Structure formats: structure tokens, C-alpha cells
Amino acid sequence: MNGDEAGPGLRCLVTGATGYIGGRLVPELLAAGHRVRCLARSPGKLRDHPWAGEVEVAPGDVTRAESVAAAMRGIDVAYYLVHALGTGSGFEDTDRTAARIFGERARAAGVRRIVYLGGLTPAGVPERELSPHLRSRSEVGRILLDSGVPTTVLRAAVIIGSGSASFEMLRYLTERLPVMVTPRWVRTRIQPIAVRDVLRLLVGSARMPDDVHRAFDIGGPDVLTYREMMARYAAIAGLPPRVIVPVPVLTPGLSSLWVGLVTPVPASIARPLTESLRHEVVCQEHDIDRYVPAPAGHPIGFDEAVRLALQRVRDAQVTTRWSSASPPGAPSDPLPTDPDWAGGSLYTDRRELTVDASLEALWRVVEGIGGDNGWYSFPLAWAARGWLDRLVGGVGLRRGRRDAERLRAGDSLDFWRVEEIEPGHLLRLRAEMRLPGLAWLEMCTERDEQGRTRYRQRALFHPHGLLGHVYWWSVSPFHAVVFGGMARNIAKAAARAPALATEDGTTVR
């Protein structure tokens with residue numbers, strides 16, 4: 001079948017389904033009538049997505065040829081949405097290796113098309129002068145185009161959508177700084193694109209004619225400087241006009257630290273974003289419209305994209321965020337369940353209380369922890385730990401929550417990630433702050449033999465080397481205040497919670 005003919009749904013493989021774009025692309029492909037398989041290193045992170053029961057999940061990693069080969073079997077279109085944003089040295093080698101494996105396995109499996117979302121590169125700038133991140137994304141596109149499989153490379157600059165790293169950076173810089181001294185890149189011209197248009201073009205690329213094999217620049221209708229974007233954001237958000245003073249002294253490294261200080265985006269991710277803004281990134285062609293025609297109202301302008309994103313944030317309907325994917329190097333080992341496991345020492349702090357509240361009220365407090373609700377214990381200590389983490393390049397506390405009331409497996413939660421959740425009973429968080437070891441925080445709600453509501457809490461730490469042991473014993477004197485106070489205050493918050501009406505008309509406190 002020629003790729004431009006409408007027909008039965010295609011079989012699509014999506015990599016990066018736990019990430020920002022991938023997590024939004026999957027339901028769009030399903031809505032278009034396609035069948036979807038997701039390649040995921042941690043399949044459990046997809047379990048609680050609304051579409052989880054409609055897709056096939058293949059465990060694996062893009063750097064492992066055997067798992068990629070298995071995931072490619074029977075696939076028509078393979079989406080490559082994996083980027084090493086925020087990684088340390090050596091990320092270009094990782095990107096290069098993964099792209100080669102993906103292209104080779106796609107060709108061997110007879111995949112009809114590869115679709116890749118890359119970065120818009122500045123015209124006339126030698127590749128050696130690009131930021132390492134942008135240079136790597138450009139190289140990945142070339143590798144996939146050279147794979148022997150018909151390939152569509154979509155090259156975007158700044159993506160505007162609720163939860164995107166670029167939008168969060170713009171949002172927090174503008175909202176938190178009425179007067180700001182800014183780096184020179186705020187005067188760089190950029191062609192942003194709404195995330196809805198990115199998704200529309202990704203879905204439409206699946207049915208491109210078989211002889212289309214090239215890269216496309218994609219962008220919205222507006223070309224703006226970053227300074228203009230901040231000014232327009234302020235106007236749309238109802239903020240007073242911002243005073244912006246560009247200065248030439250802020251290097252990319254200092255810029256990333258400045259962004260990391262003011263916004264939830266850590267310096268490790270802010271740096272590649274800001275480095276990519278050193279050069280003008282404006283579309284040189286709009287050929288994509290010939291193959292994926294834009295419906296009425298598209299492409300969406302910058303102002304409308306910001307309005308839509310802000311509405312999603314205000315309505316607590318942010319489906320995915322930049323932090324949806326684990327940061328590179330984040331611990332991923334599950335909590336060891338065998339008390340005699342071979343990993344060595346496992347330090348534990350246990351707390352258990354009887355709570356004068358219903359099980360439902362206690363669970364609401366537990367599931368609502370973090371973000372604006374805080375951690376129910378010694379706020380200054382938590383804030384200090386968050387700042388310390390950001391100073392050493394970690395994510396800190398500012399990632400907050402995707403949803404103010406509900407959590408799902410894989411969600412980021414300040415400097416934790418939801419490793420496991422059993423609604424009404426268990427919440428297990430895995431630490432993603434910088435630590436000399438692996439750490440978990442586990443909260444359980446249950447009834448005892450007398451029918452009373454019980455709260456159980458465990459903090460666990462697996463030290464790495466001598467430094468890990470020293471760390472645990474140096475902070476353990478504060479556990480009574482931090483973890484003990486947390487357990488007591490969670491119990492008090494549950495006891496003070498207002499009554500909740502149930503489906504049968506009764507109320508529980």
C-alpha cells in the first residue's frame with residue numbers, strides 16, 4: 001500500500017512513551033485508528049496512563065539491539081522520540097549508538113517509515129559551532145535518514161505546551177522576575193510551535209508517501225525574540241509589564257544556573273535549552289504542509305498556544321510534563337523486597353500511628369503530599385535539602401506535581417518519583433535527589449484488627465560506599481524531627497480533613 005492512501009490503522013512503535021511528547025502522541029495515534037506498541041525501559045510507568053489498556057508494551061531500551069529488534073516485529077511506522085537531554089559527558093556517543101541500532105533494526109524488520117522529532121538548526125551555522133545537544137540531535141537525524149528506511153525528520157525549535165520544559169522555563173522566568181537582567185540570547189529570533197501542531201504533524205507523518213525521505217522544518221506562524229515571548233506571556237497571563245535588561249556577561253553555563261535558580265527546570269536541562277538559543281532558529285521552508293495539510297486554525301499562533309497551555313495548568317489537566325521521563329542517571333533500581341538481599345546494607349526508619357480519621361481521609365492526605373501541599377514536616381529542612389540538591393546539579397524540590405490530587409506510577413513528585421502506587425493503600429517514592437546511595441519513602445494506609453485506621457511509614461536507604469554510610473549516620477539524628485514529624489502531621493491533617501460524600505450518600509471523614 002502506498003503511504004498516502006487512507007486505509008486500516010497502521011502498527012506504530014513509540015519510543016519515549018514515558019516522556020513529554022511520547023506520552024501525548026500515543027493517545028493521538030490511537031484516536032487516529034492506529035495500533036500502538038510502546039518500547040519502555042520501565043513498563044510499570046505506563047500502567048496508570050488512561051490509554052495503558054489499549055497499547056502493547058515491549059520492555060527494552062533503545063541502546064539494546066535485541067530488545068529493539070523484538071519491538072520492531074510487525075511494525076509499519078517507528079517513532080524515535082528519545083533524546084539525551086541533560087546528560088553528562090558521553091551523551092553524544094549514546095545518542096549515536098541508539099540511533100544506529102534503531103535504524104538497523106527497523107530496516108531488518110521491514111519497517112515502512114521512521115519518524116523522528118529533532119531540533120531546528122540555524123541556517124548557515126557550521127555544525128561544529130552548534131551546541132552539543134543540538135549537534136547531537138542533528139546527527140541522529142542524519143543517521144536515521146541513512147538507515148535505508150524511508151524517514152521523516154521533523155525539526156522544531158521551542159515547543160509551547162503545558163508541561164514542556166521550554167514553556168515552564170518561559171513561564172517561571174516571566175512570572176517570578178518583574179525585573180530581570182538577562183543573557184544575550186533573549187534577543188535571538190525563534191519560531192516557536194504549539195505542542196498540538198507537533199502532535200498533528202507527528203501523526204500525519206505516519207501516512208506520508210513511501211518516496212518521501214527527508215527533513216522538514218516545523219514552526220508556528222510567529223517569529224519572536226525570547227524577550228518578545230516573555231513580554232507577550234506577561235500580557236496573556238495578566239502580569240504587569242516586565243523590565244528586561246540584556247547583558248553580555250552571562251555565559252551558557254551561568255545562564256543555565258540562573259534558569260535553574262528561578263525555574264523548576266534544573267541546570268542540567270536548562271543548559272542545553274539555553275545553548276540552543278544562541279543562534280537564530282527560524283524555519284527555512286514549510287514543505288510539510290504539502291504532505292500534512294494544516295486544518296483551519298492551524299498552525300496555532302504563539303499567543304493562543306500560551307493561552308491553551310495556561311488553561312491546562314489552571315484546570316490541572318497537564319497530561320505529561322518535561323519531568324515525566326526520569327532524568328539521565330537517575331536511580332532506577334526497584335526497592336529490594338528480600339530482607340537478606342545481596343545488595344548489602346539497607347537502613348530503615350519506621351513510623352506507625354493510629355489515626356483518628358477514616359481510611360479514605362488518610363489516603364487523600366497521603367496521595368496529595370508534596371508540591372504546594374509540602375511534606376508535613378520541618379519545611380525549612382525540606383527547602384534546604386532542595387536548594388542543596390539544585391546547587392549540586394540535582395532536580396531540587398521545584399518539579400512539584402503533575403496533578404494536585406492524583407498520582408500515577410512514574411510521576412515526578414518534587415525530588416522523588418512514584419515507583420509504586422496502590423490507590424487507597426500504598427505510595428512508594430524513589431529518591432532522585434543527589435545522594436551517596438539509593439533511597440525510598442514508603443507510606444501505607446490500612447485497618448488494624450480492631451478496625452482502626454493505621455498509618456505506616458518507612459524511609460529506606462541503601463548506601464554506596466563509605467560515604468553512603470557516613471551520610472546515613474550523620475542525618476539519622478534528625479529523623480525523629482523530619483520523619484517522625486511527617487507521620488504525626490499527616491495523621492493530624494487526616495483527622496482535620498472535611499467529610500467526604502460517598503456514592504451511597506453517606507459521608508466519611
Side-chain angles (χ1 to χ4, degrees), residues 16 19-29 31-32 79 81 83 85 115-120 137 152-175 188-206 215-237 265 273 276-277 280-322 324 402:
Y20 177 70
I21 293 293
R24 298 190 181 205
L25 177 61
V26 170
E28 296 293 327
L29 290 171
Y79 285 89
L81 304 174
H83 302 305
L85 184 65
V115 182
Y116 167 60
L117 178 61
L120 185 59
R137 294 181 76 172
T152 300
V153 175
L154 302 180
R155 305 191 301 184
V158 170
I159 296 176
I160 301 297
S162 60
S164 77
S166 295
F167 177 72
E168 292 290 279
M169 192 170 89
L170 172 68
R171 174 189 168 204
Y172 281 92
L173 285 175
T174 308
E175 291 186 354
T188 301
R189 295 171 75 240
I190 305 160
Q191 191 162 355
I193 183 170
V195 68
R196 297 188 185 201
D197 281 314
V198 174
L199 296 171
R200 173 178 62 83
L201 295 171
L202 285 168
V203 174
S205 295
F216 296 91
D217 293 352
I218 61 172
D222 302 304
V223 177
L224 306 163
T225 66
Y226 206 89
R227 180 174 184 165
E228 290 171 331
M229 289 167 60
M230 288 191 285
R232 287 169 75 160
Y233 178 95
I236 294 165
V265 181
L273 291 177
S276 299
L277 298 175
E280 182 177 283
V281 277
V282 176
C283 296
Q284 301 301 303
E285 44 81 15
H286 298 279
D287 297 348
I288 189 70
D289 293 340
R290 299 196 337 238
Y291 302 99
V292 188
H298 291 265
I300 297 170
F302 174 80
D303 290 2
E304 181 63 13
V306 169
R307 287 191 192 97
L308 290 168
L310 281 175
Q311 193 61 50
R312 287 277 188 175
V313 171
R314 290 165 181 165
D315 292 344
Q317 293 182 346
V318 181
T319 54
T320 62
R321 302 177 66 216
W322 61 269
S324 296
R402 177 190 57 83

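Small disclaimer: the values here were computed from a predicted structure and weren't measured.
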*Minimum heavy-atom distance between Asp217 and Glu285, given as atom pair plus value*: N-OE2, 2.7 Å
*Starting at CD1 of Ile218, measure out to CD1 of Ile193 and round the result to the nearest 0.5 Å.*
4.0 Å
*Gln191 side chain to Gly220 main-chain N or O, any donor-acceptor pair under 3.5 Å?*
yes
*Backbone of Leu202 reached by a side-chain donor or acceptor of Tyr79 within 3.5 Å*: yes
*Spell out, as yes or no, whether a donor-acceptor pair under 3.5 Å connects the side chain of Glu28 to the backbone of Leu199.*
no
*Would you say Ser164's side chain and Ile160's backbone share a donor-acceptor pair under 3.5 angstrom?*
no
_Nearest atoms (heavy-atom pairs only) where Val195 meets Gly161_ = CG1-CA, 3.7 Å
*For residues Val313 and Ser162, determine if any side-chain heavy atom of one lies less than 4.5 Å from a side-chain heavy atom of the other.*
yes
*Between Thr320 (side chain) and Gly23 (backbone), is there a donor-acceptor pair under 3.5 Å?*
no
*Do Leu29 and Val203 have side chains that get closer than 4.5 Å, going by heavy atoms?*
yes
*State whether the side chain of Glu304 and the backbone N or O of Gly301 hold a donor-acceptor pair below 3.5 Å, judged by distance alone.*
no
_When you compare the side chain of Phe216 with that of Arg290, does any pair of heavy atoms fall below 4.5 Å?_
no
*Would you say the side chain of Leu170 lies within less than 4.5 Å of the side chain of Tyr226, judging by non-hydrogen atoms?*
yes
*asked:* Would you compute the distance between atom OG1 of Thr174 and atom CE of Met230 and round it to the nearest 0.5 angstrom?
replied: 6.0 Å
_Exam field: side chain Asp197 to backbone Ile300, donor-acceptor pair closer than 3.5 Å_ = yes
*Taking atom OH of Tyr233 and atom OH of Tyr172, what is their separation to the nearest 0.5 Å?*
8.5 Å
*Does the side chain to side chain contact (heavy atoms under 4.5 Å, CB included) test come out yes or no for Val306 and Arg232, once each step is laid out?*
CA-CA 9 Å; Val306 169; Arg232 287 169 75 160; over 6 Å; no
*In Å and rounded to the nearest 0.5 Å, what is the CG to CG distance from Leu117 to Leu81?*
6.5 Å
_So, taking the atom named CZ in Arg200 and the one named CG in Leu25, what distance separates them when rounded to the nearest 0.5 Å?_
13.5 Å
*What are the two closest heavy atoms between Ala157 and Leu120, and how far apart are they?*
N-CB, 3.7 Å
_Just verifying a value: how many Å separate Asp222 CG and Asp303 CG, rounded to the nearest 0.5 Å?_
6.5 Å
_Donor-acceptor under 3.5 Å (Tyr291 side chain, Gly204 main chain)_ = no
*Which atom pair, heavy atoms only, marks the closest approach of Gly219 to Cys283?*
N-SG, 3.5 Å
*Note, Arg24 side chain near Val198 side chain (heavy atom, < 4.5 Å)*: no
*Counting only N and O atoms by type, is there a donor-acceptor contact under 3.5 Å from the side chain of Gln284 to the main-chain atoms of Val282?*
yes
